[in-house]
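Convention: sequence-line order gives letters A, B, ...; per-chain numbering from 1.
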Amino acid sequence: MSLICTVTPAPEEAGLAQLCRKLGIKEMVPPETVINKVIVYPGRNSWSLEVTGGAPIYAAWRLSLEKSLAAALGLTKVEIVPEAAPEENPEKAAAEVPEMGNETETSTAAGDDISEEEYMAQLEKLRQERENQLAAEALAARETKVIMGQAVKEEPVSLEQIADEERSVVVTGRVFNLNRREMRSGRTLLTFDITDHTDSLSVKLFLEKEDEEKASAIKEGTWLMLRGAVQHDNFTQELCLMPRDIMLSPPRGVRLDNAAQKRVELHLHTKMSALDGVSDVAAVFAQAAAWKHEAVAITDHGVVQAFPSAYKAAKKHGVKCIFGVEGYLVDQADEKAESHHIIILAADQTGLRHLYELISLSHLRYFYRKPRLPRAELTRLRQGLVLGSACEAGEIYKAVLAGRSDAEVEALAAFYDYLEIQPLSNNSFLLEQGRVASLDDLRRLNRRIVEIGRRLGKPVVATSDAHYLHPEDEIFRRILLAGQGYAEVENPAPLYYKTTEEMLAEFSYLGEEEAWRVVVEDSRRVAAMIADDLMPVPKGFYPPELPDADKIISAMVHKRAREIYGDPLPQLVAERIDKELAAIIGHGFASLYLIAHKLVKQSVDDGYAVGSRGSVGSTIVAFLCGISEVNPLAPHYICLRCHKFEAITDGSVGVGPDLPRRDCPNCGTPMKRDGFDIPFETFLGFAGDKVPDIDLNFSEEYQLRAHKNTEELFGAENVFRAGTIGTLAEKTAYGYVRKYLDEKGLHRRSAEINRLVAGLTGVRKTTGQHPGGLIILPKGREIYEFTPIQYPANDRESNIITTHFSFDDIHEQLLKLDILGQSGPTMQKMLEDLTGITVDQIPLDDPDTMAIFRGLESLGIAPEDAGGPIGTLGIPEYNTRYVRQMLEETRPKNFAELIGIMGLSHGKGLWLDNAQELVRQGIVPLEKTILCRDDIMLFLIRQGMPAKDAFRITELVRKTGSTISAADEELMLQYQVPRWYIESCKKITYMFPKAHAAAYALNAYWQAYAKVHYPLFFYAAYFSIHAEEFDASWATMSKQELHAKLRALNEKGNAATGKEQGIAATLEVVIEALARGIRFLPVDLYKSQVRRFVPEDGKLRLPLISVQGVGLKAAEAIEQSREERPFTSVEDIKKRCGLSKTVIEVLAAYGCLEHLPETNQLTLF
DNA sequence: CAGTCGTATTTGTTATC
DNA sequence: ATGACGATAACAAATACGACTG
Ligand SMILES: Nc1nc2c(ncn2[C@H]2C[C@H](O)[C@@H](COP(=O)(O)OP(=O)(O)OP(=O)(O)O)O2)c(=O)[nH]1
Ligand SMILES: [Mg+2]
Ligand SMILES: [Mg+2]
Ligand SMILES: [Zn+2]
């Protein structure tokens, strides 16, 4: 391509200020300064801009502007020369300009023909070239950087060649799996793996304190050149590199795209193409940016689930994301119809909405093995869509392959906006299958598509059909396909994301000019049809609105508040209510509260208590609406008779239940003590900088009804179950890799296995439903504005419809009610039914109840029967080894500490190597450590930090997957936050809100109360809920036998399966129950319930389901049939209940059928 | 009567709160 | 034995059985 050497832009297109703005130069430019002429000197490194007009050009700003221009354009020198001024450097111009005359035809006259667009494009091109060069130079400079030891100049050997110990080798590779561990000696052990894509190798490095700084250059993803010894590592039992010399090195095998004008990829799959694509979207856009590709289309098979992360990545890297799909086009909706691949791109907002509707239709109405799309639907929603003919499975390629006539193919092609051609090797399987005779035939097919496109005036675009990013990533897809049982292909199609140059070379058989058109020009033409700045999910927040929800909530809250706190309300209560209502209503949460209230009320009316959960308990409004049992006010006394109110705000008591009992000074009534002292902002943040949900724990038995009720209240068309995306995760990925290697008889080091596993993880496998999240669409909006919809796992039998996107992707825009299932409320209902006591009658300062969190005194059993010295077996959230160990160490005395332990025991990095150490080392007492997320926010605010920052930092700490940045750390230091506090924050990976800890502590305490005072009922309820992990054979075993069983299970340690671990946990409780005098009655065909343990003569009767092998169906069938009439024989029961041979066998083996004859001759006649 | 398909049960794995 | 976040639901696969089909 020729370079301009002298340009005279048209006057209206050549403002200097305009140029500066385009180049991002912020400096002042005198207005109306017009570039008269641009002289480009040979080597293109030096320009002279001849300008006229504008303010006088002072030397000072001119020099500075020249520098900026040079930097922005990537030139060594730019001169701004006023017109009429004498040439500053006449010799240079005179000497060099004639030389350029040879390579360019341009002159002042020719320059007039160049439009500003072209002119700017040229400038941009030069700027980019310069940038590339600078980047290359920077890389070159960096690559020489020695991290440790000496520079390594030798050529490395490839990692696959390393099979034995070696004195000294030189290798190179990309760092992954980086781990840093502090040794007791004070040294740091740095371990990481490197890969050069032929194989991988572990590297082990001991760092002295003084080396740490240098070693910080070793990061995930950096390329290193290393020299050292390969040794057999005793710990890992594998070869391992002990490097002496390490230096940064340029990555090997990196593909560059040096084309002056870049192609646009219009056919690319991500990991959302189920069990097929292995490219990571973020990496795709990073690569696109590195190659300076301006846009990339995301076209997964039938789904658009990559859009949200694609959008984020595209934005981050300044690349345009084209939102598309590779759909399955059918002409009729019947199951036999042949489907054709088709690329559908959204050109604008309407198109995107149409695309979401099409995706929904294809999943809900036309799904048959694949989400198929009838042509009629596509035609109906055609507006805003750009259609491409896709790959060899598209109808155009098929038609051409079948040798259909021009007229026929052109008729088909009329449906599309552009035609696609792909590299020959994408289709070379046709050759292998004998469907075409030669490579030339394949070329002819592509040529024919090009000709048809040209005749019809439609763009013809060369696309990759990328399923992975780089050629070397093919191994991931190979394993993925092998894992599904596909036969391995000899020469798999090279489905990687191609550079412009690779594509130009591939299509060179079309001729240079045509190749350039299909690769560059037409791909850009199609990209230009697509609007910039499309967003997969709109900005903004769309809360549902029920009529008068704000007024209703406000009235309800005030009414209930007055019932408890009297009229007028105490100031503290009134202020809190006012503040909350303003925020809740102001931020659009009133309707959500109202619905939550109605749901709770309905459940309670139906006899099912509802448990509190989540951050919503931080709000007094929730408490007063009945959504939460947690009262977030400061600890206080309240007389429910005369409303005498007294708040304790001096910090002497943590939570209300810990206040000493007291009678009302006015009327002598025992006062209620309440208030868990929780800030409202944990729910909504400050000024609405957070979108929370409302969480509710319904009984599992009631959850489905609660979902139905929500649909009724909002209207089914406005309620959608949040969808989830099931991916190939660690274990399955590992299984695939193992299987692949085993089948091929290959042996790989764990470093290489790790690399392969990492390449596979995250690939979409299936879709599912959120545990309880219902997304509420406001009236008057369409779900397609936000997300497509589908059935979970595409099960058309399901009566649940989920969002296509996972909740996280629409979390900022739409509200969610989390209607979860939990055993707490089921326990509560069972216990209320059995004991006749409701939870509000349970005193929160019962010493015997509190005692089980500290020891065994109130249970009166020995530690060996209680799994240790703490009495919380069977108490939710406090019953694991880990938490009991924590209780043993902390011995909580009161409710506040119970809540603290609840917080500390849930999340990684909170207790071990954190709070525990701080307490042990005497740095702070337990109550001063970080116990819940609210603590962090309040502490930072007390230190003087602005509330918004305090809240933001808290959110970073509390959420899985985020931590505080170096800048935040700096900010904390600025407010005298102690070092230990900062370090503690950095170790926290997840943390409860106090409201949740309080709600769960309450629930646990209520159950503990039953465990202490109503053991038979407690165990009845507990085992009913854990019947799955109960083995009916235990009923007749002695405590010693059960202990032996438990020991056997415990000895399995890590080798125990999930099921076995569950069984072991229940077994511990069984042993404890026995020790407390509980006796079990065996399963009985007539007396046993289906799934509940029931008290019978002071003992517990096992349910049918507790027999292993008797499932729910069988148990229910038995229950039903026995009510009709007694069973007369084994044959009778088998027949009437429809039991399988297996069920009969397990029942017989258990002894249930002993009194029954085998057959029943009597009734035969 | 061999093969296919649907149902029941258990188990492993993943996602989410 | 170690070190350990806990609870819940849903999907897929494995297995076994039994009914249906050609
Ligand atoms: N043990 C444990 N409990 C969790 C975890 N994630 C969530 N929970 C519990 C505690 C949360 O308060 C509760 C509700 O979860 P949410 O995702 O709705 O978060 P939360 O309500 O705390 O904050 P939010 O205001 O909704 O952002 O569920 C977890 O990883 N481990
Ligand atoms: Mg929540
Ligand atoms: Mg939630
Ligand atoms: Zn009183």
Side-chain angles (χ1 to χ4, degrees), chain A residues 611 613-615 692-700 703-704 721-735 761-762 764-773 792-795 798 800 802 806-808 816 818-824 826 875-886 901-913 916 959-960 988-993 996 1000 1003-1004 1025-1026 1028-1029 1047 1050-1055 1057-1063 1065 1105 1107-1117 1134 1138-1146:
Chain A
R613 172 178 202 133
S615 63
D693 60 359
I694 289 184
D695 303 278
L696 295 167
N697 274 345
F698 284 85
S699 160
E700 324 97 305
Q703 188 188 16
L704 197 72
R721 188 76 168 263
T724 60
I725 296 167
T727 63
L728 223 150
E730 201 75 20
K731 288 194 167 159
T732 316
Y734 189 83
T761 52
R764 193 188 82 142
K765 238 177 106 183
T766 178
T767 54
Q769 39 189 317
H770 191 282
N794 293 322
D795 175 10
S798 173
I800 288 165
T802 67
S806 65
F807 170 62
D808 212 30
K816 167 166 69 92
D818 239 334
I819 298 185
L820 295 147
Q822 224 255 354
S823 69
T826 316
I875 301 301
E877 316 281 336
Y878 289 105
N879 72 152
T880 63
R881 288 268 157 84
Y882 176 65
V883 181
R884 280 179 288 152
Q885 167 69 33
M886 204 182 277
I901 303 297
M902 179 63 79
L904 264 186
S905 55
H906 291 84
K908 263 199 242 309
L910 308 190
W911 172 245
L912 298 174
D913 192 32
Q916 185 185 42
K959 281 187 183 150
T960 13
I988 294 168
T989 54
Y990 171 75
M991 186 156 245
F992 275 173
H996 183 79
Y1000 269 43
N1003 178 59
I1025 279 161
H1026 293 89
E1028 293 263 288
E1029 291 107 45
R1047 264 196 307 280
N1050 284 341
E1051 268 158 22
K1052 292 198 176 179
N1054 256 349
T1057 63
K1059 173 82 176 173
E1060 284 171 331
Q1061 286 170 24
I1063 290 221
I1105 199 122
V1107 179
Q1108 300 296 296
V1110 178
L1112 194 59
K1113 299 277 170 195
E1116 279 170 349
K1134 182 169 189 284
L1139 301 183
S1140 73
K1141 204 178 76 187
T1142 330
V1143 173
I1144 292 295
E1145 273 166 15
V1146 292

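- The phosphate of B:dC17 (OP1 or OP2) has a side-chain N or O of A:His770 nearer than 4.0 angstrom.
- Using a 4.0 Å heavy-atom criterion, one finds that A:Arg764 contacts no nucleic acid atom at all.
- For A:Tyr882, whose side chain is taken as the heavy atoms from C-beta onward, the closest listed nucleotide among B:dT16, B:dT9, C:dC5 is C:dC5.
- Each of A:Ile819, A:Thr802, A:Asp818 was scored for a side-chain contact (heavy atoms from CB on, under 4.5 Å) with A:His770, with one residue passing: A:Asp818.
- Nucleotides B:dA15 and C:dC5 have their C1' atoms positioned 16 Å apart, rounded to a whole Å.
- Neither OP1 nor OP2 of B:dC17 sits under 4.0 Å from any side-chain N or O of A:Asn697.
- Among the atoms of the strands shown, none is found under 4.0 Å from any heavy atom of A:Leu910.
- Side-chain atoms of A:Ala793 lie closest to C:dC11 of the nucleotides C:dC11, C:dC17, B:dA15.
- Closest contact between the side chain of A:Lys1059 and the listed nucleotides B:dT11, C:dT8, B:dA15 involves B:dT11.
- Checked for salt-bridge contact, A:Asp693 and A:Lys816 meet the test: a charged N lies under 4.0 Å from a carboxylate O.
- Dashed line: the shortest gap from a side-chain N or O of A:Gln1108 to OP1 or OP2 of B:dT9 is not under 4.0 Å.
- With A:Tyr990 as the aromatic partner, A:Lys959 does not meet the cation-pi criteria of under 6.0 angstrom to the ring centre and within 45 degrees of the ring axis.
- Considering only side-chain atoms of A:Ser823, the nucleotide from C:dA16, C:dT8, B:dC17 that sits closest is C:dT8.
- Using cut-offs of 30° and 60° on the angle between ring planes, the pair A:His906 and A:Phe992 is parallel.
- The listed nucleotides are B:dA15, C:dA4, C:dA1; the one nearest the side chain of A:Glu1051 is C:dA1.
- Picking from C:dC11, B:dT14, B:dC17 the nucleotide with the shortest atom distance to the side chain of A:Thr732 gives B:dT14.
- Proximity note for A:Ala1114 (side chain, C-beta onward) versus B:dT9, C:dA10, C:dG6: the nearest is B:dT9.
- Figure legend. C:dA4 is base-paired to no nucleotide; pairs are counted as Watson-Crick or G-U wobble with both atom distances under 3.5 Å.
- Among the nucleotides C:dA9, C:dC5, C:dC17, the one closest to any side-chain atom of A:Glu700 is C:dA9.
- With B:dA8, B:dT13, C:dA10 as the candidates, the nucleotide lying closest to the side chain of A:Lys731 is B:dT13.
- Set against B:dC17, B:dT9, C:dC5, the side chain of A:Asp693 has B:dC17 as its closest nucleotide.
- Although no hydrogens or angles enter the test, the distance criterion places a donor-acceptor pair under 3.5 Å between the side chain of A:Arg884 and the main chain of A:Asn879.
- With both pairing distances under 3.5 Å, C:dA13 is matched to B:dT10 as a Watson-Crick or G-U wobble pair.
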